[in-house]
Amino acid sequence: KRFAISMAGLRPGQQVLDLAGGTGDLTRLIAPRIGDSGHVVLSDINAAMLANGRSNLIDHGITGNVSFTLANAEQLPFPDNHFDLVTIAFGLRNVTSKETALRSIYEVLKPGGCLLVLEFSQPTVPALLPVYDFYSFKVLPFMGKLITNDADSYRYLAESIRKHPDQETLKTMMEEAGLEACDYHNLSAGVVALHRGYKY
């Protein structure tokens with residue numbers, strides 16, 4: 001998440017949307033960088049997660065330049081050409097229609113604005129795949145059952161990661177939504193990737 005924000009090129013006074021922001025981790029990193037003259041909207045489709053994010057930010061003393069909006073990524077309730085940056089971290093894979101969400105994000109970005117998508121992706125080291133699969137489908141659900149008595153949620157996590165588009169496919173989807181100069185950076189050998197695209 002810190003790497004993602006380091007790639008954002010944030011400046012004081014910017015308008016930012018932290019989409020599917022849940023716990024508020026990215027907002028906590030963004031708010032000091034845009035200063036009192038900037039504004040960040042923490043948004044999530046889940047009211048409980050949004051409340052959790054608000055509490056976390058208050059605990060860290062971040063309140064002045066942040067607001068909160070309950071929103072569906074596929075139908076963003078914001079004006080067109082409004083945000084300098086939109087971030088979505090570990091949330092795009094849970095969106096029903098990723099294509100619709102990417103188009104909606106494109107609309108609310110200002111010309112020159114940037115989208116950052118931080119998400120689990122496809123490992124780029126072939127030898128890592130069997131180990132990664134074993135960990136995802138065997139170890140994670142077992143730990144989930146052991147610690148929280150909820151193996152199903154951890155199994156869903158693994159399955160949702162597998163169904164999420166790989167690096168090149170997501171890059172193409174971003175381009176088809178209208179974003180340009182799209183690229184991505186693999187982290188942890190592709191287990192996570194940061195995608196970036198611009199509206200020109």
Over all atoms of both residues, closest heavy-atom pair of [X] and [Y]:
X	Y	value
A89	L26	CB-CD1, 3.6 Å
A71	S43	CB-OG, 3.2 Å
S160	R93	OG-NE, 3.0 Å
A189	V125	CB-CG2, 4.0 Å
V40	A31	CG1-CB, 4.3 Å
N65	G35	ND2-O, 2.9 Å

[atom2] on [Y] to [atom1] on [X], rounded to 0.5 Å:
X	Y	atom1	atom2	value
S121	E168	OG	CD	10.0 Å
C114	K199	SG	NZ	13.0 Å
L118	K1	CG	NZ	8.0 Å
T169	Q122	OG1	CD	9.5 Å
K98	E119	NZ	CD	8.0 Å
R33	L85	CZ	CG	11.5 Å

Other cluster members, Y106 - Ile/Leu/Val/Met/Phe/Trp/Tyr, side-chain contacts below 4.5 Å: L17, L19, V41, L76, F78, F83, V86, I88, L92, V95, L102, I105, V108, L109, L115, V117, L170, M173, M174, L179
Does [X] belong to the same Ile/Leu/Val/Met/Phe/Trp/Tyr cluster as [Y], with side-chain heavy atoms less than 4.5 Å apart forming each link?
X	Y	answer
L116	Y198	no
L70	I45	no
Y184	V192	no

Considering only heavy atoms from C-beta outward, does the side chain of [X] approach that of [Y] to under 4.5 Å?
X	Y	value
H164	F120	no
E176	E99	no
Q167	H195	yes

Judged by atom type as modelled, is there a donor-acceptor pair below 3.5 Å linking the side chain of [X] to the main-chain atoms of [Y]?
X	Y	result
S104	A101	no
Q14	R11	yes
D84	Q15	yes

For a quick check under 3.5 Å, do [X] and [Y] share a side-chain donor-acceptor pair by atom type?
X	Y	answer
T87	D18	yes
E74	S97	no
H39	S67	yes

Hey, is E175 close enough to K171 for a salt bridge, meaning N to O under 4.0 Å? yes
Run through L42, I30, V66 and flag the one making a side chain to side chain contact (heavy atoms under 4.5 Å, CB included) with V16. I30
Other residues, nucleotides, ligands: >12 heavy atoms within 6.0 Å of E180 CD: yes
Using residues 49-64 as the side-chain source, report each donor-acceptor pair under 3.5 Å to any protein atom, sequence neighbours left out, with the distance given to one decimal.
unit_1, atom_1, unit_2, atom_2, d
S55, OG, A51, O, 3.2
N56, ND2, T23, O, 3.1
H60, ND1, N56, O, 2.9

Take M7 and R196, measure what side-chain contact (heavy atoms from CB on, under 4.5 Å) needs, and give me the verdict at the end. CA-CA 9 Å; M7 297 292 285; R196 181 172 54 174; 3.5 Å; yes
